[in-house]
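Residue numbers start from 1 in every chain, and the chains themselves are labelled A, B, ... in the order their sequence lines are given, proteins ahead of strands. The analysis underlying the following values was restricted to heavy atoms, covering all of them including side chains, and did not include hydrogens, waters or symmetry mates.
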Protein chains: 2
Amino acid sequence: MNLPAPKTPTADVLYERIETMIAEGQVKDGERLDEMRLARDFGVSRTPLREALRLLSGTGLVELIPNRGAFVRQPDFTRLVEMFEVMAEVEAWCARLAAGRITKAQLLLLRKAASACEAALQAQDYKRYYVENATFHTMIYEASGNGFLAEEAANLHRRLKPFRQAQLSFGDRLSQSMIEHREILLALEAGDAARADAVMRNHIRVQGSIYEEYRQSMSGEREVAGQQAS
Amino acid sequence: MNLPAPKTPTADVLYERIETMIAEGQVKDGERLDEMRLARDFGVSRTPLREALRLLSGTGLVELIPNRGAFVRQPDFTRLVEMFEVMAEVEAWCARLAAGRITKAQLLLLRKAASACEAALQAQDYKRYYVENATFHTMIYEASGNGFLAEEAANLHRRLKPFRQAQLSFGDRLSQSMIEHREILLALEAGDAARADAVMRNHIRVQGSIYEEYRQSMSGEREVAGQQAS
DNA sequence: TTTTCTATTTTTGTATACGATATATTTGTA
DNA sequence: TACAAATATATCGTATACAAAAATAGAAAA
């Protein structure tokens with residue numbers, strides 16, 4: 001391949017590492033992220049670390065208080081459900097739009113992506129599955145015909161990644177996921193906007209509830225406050 | 001007031017200034033933003049400037065290419081329409097949810113905000129109008145009962161700000177806007193989700209088309225390519 | 001004249017250093 | 001003993017400095 005040297009910027013690497021730390025609960029909610037300490041641990045200087053923290057503040061995972069520092073904003077159950085609810089609505093909208101606008105060529109590629117997902121699943125290659133699944137969804141975002149929406153949807157998808165990964169190895173959710181992919185594909189081929197919307201909405205929503213199950217299953221170690229939503 | 005020293009971080013100030021530069025077309029699409037040159041012009045060092053550029057890359061206004069620099073991503077007409085279309089959908093969803101969940105107390109505050117908008121308009125204080133209008137909309141986001149959605153909506157609102165401001169002094173769009181605010185308020189009071197959705201959707205959509213008019217009116221100086229969306 | 005390789009220059013990425021601000025501790029007084 | 005003020009310490013924000021990568025220009029060869 002023509003990958004002489006990917007050269008991922010340090011700040012981006014740090015972004016993902018800290019994101020994972022927060023998602024996995026290695027740092028508690030409200031905890032202050034010590035710049036110097038983290039810089040030492042990661043073996044980098046404060047400069048790229050600060051850039052990563054600023055990036056994280058953009059996605060709401062940390063709060064940056066001027067002259068005070070960076071504080072972890074660990075999403076509680078309520079917030080996680082809210083996040084997946086938004087993702088479900090956005091994906092459903094994309095699917096609805098795509099049903100009326102998707103091209104033959106895009107449909108062909110989408111079918112390929114769906115097959116690739118199934119292949120990865122049969123090979124039990126979860127890492128590859130995740131990539132292929134992302135491709136499948138991204139294609140639907142793009143088929144919506146609204147480039148800005150597609151970007152935002154992809155962004156949201158990326159931000160939810162750490163919270164979605166936790167459920168990958170959970171039950172046979174994945175085989176069910178495959179069936180849903182096929183259903184979405186059929187709805188888009190038929191140009192059935194309402195059906196595409198409904199199936200996609202359910203497809204995403206379930207991810208949220210599964211996550212909740214998962215979290216509850218691994219002992220209620222860290223009790224989460226659960227601020228009122230309404 | 002208790003503003004001893006707001007102490008806004010330099011990076012955030014730079015973010016807004018560059019955002020404005022892009023919105024006002026002071027920098028052309030695809031143009032490279034020279035770090036050292038900008039740092040000199042703004043009278044700051046490269047460090048906070050780089051943080052601002054990273055922030056801008058998060059909102060899609062600039063593209064950061066590793067070891068190459070920051071390049072302006074000037075939204076074309078198509079993209080602007082797409083952005084307002086997404087905003088309309090999001091706001092409409094908020095309104096729809098709010099219709100079923102808004103509390104008496106929130107309704108009271110919303111009425112106040114609407115009145116404050118009208119007062120600012122009558123005083124021809126457009127700056128104040130903008131603030132009050134933002135308050136009105138933010139309250140509806142929060143009334144949706146989904147905190148994450150509210151944050152995302154507020155974020156989007158903020159990102160669209162530079163492109164919305166251009167139309168402030170345009171025609172008597174504002175008095176029409178007031179009427180729509182009242183209609184939204186009525187729909188929420190009545191708990192009429194469908195109506196709240198429809199009115200809000202139109203309320204935002206119009207902003208997008210007005211913008212387009214505005215841009216077209218000020219001579220087609222900078223011809224915009226208009227990449228195909230679908 | 002065109003092409004390719006190399007050397008120079010420019011610019012990005014990262015580290016370090018210094019000044020400013022907030023927090024913690026200590027001391028003095030009521 | 002409790003509370004307030006002042007000092008001390010730690011951390012953040014910004015500037016500067018250095019190293020690595022890419023763009024550019026020039027020279028040599030086809």
**Asked** For B:Arg46, what residues pass the salt bridge (Lys or Arg N to Asp or Glu O under 4.0 Å) criterion, not counting sequence neighbours?
**Response** B:Glu35
**Asked** When you measure from the side chain of A:Arg46, which nucleotide among C:dT14, D:dA15, D:dG13 comes out closest?
**Response** D:dG13
**Request:** Return the nearest nucleotide to the side chain of B:Asn67; candidates are C:dG13, C:dT14, D:dT16.
**Result:** C:dG13
**Asked** Is the base of C:dG13 touched by the side chain of B:Arg68 through a donor-acceptor pair closer than 3.5 angstrom?
**Response** no
What nitrogen or oxygen pairs link the protein and nucleotides 6-9 of chain D at under 3.5 Å?
none

**Asked** Should B:Arg32 and B:Asp34 count as an ion pair when the cut-off is N to O under 4.0 Å?
**Response** yes
**Message:** Near DNA chain C, counting only heavy atoms under 4.0 Å, which residues of residues 35-42 of chain A show up?
**Reply:** none
**Asked** Heavy atom of residues 50-61 of chain A under 4.0 Å from DNA chain C: which residues?
**Response** none
**Request:** Calculate the interatomic distance between B:Leu49 atom CG and D:dG13 atom P; express it in whole Å.
**Result:** 17 Å
**Asked** Who passes ring-ring contact (aromatic ring centres under 6.0 Å, His included) against A:Phe136, sequence neighbours left out?
**Response** A:His181
**Request:** Keeping the roles fixed (side chain from B:Glu82, backbone from A:Gly147), state whether a donor-acceptor pair exists under 3.5 Å.
**Result:** yes
**Pairwise salt bridge (Lys or Arg N to Asp or Glu O under 4.0 Å) hits with a residue in residues 148-157 of chain A, at least two apart** = A:Glu151-B:Arg79, A:Glu152-B:Arg159
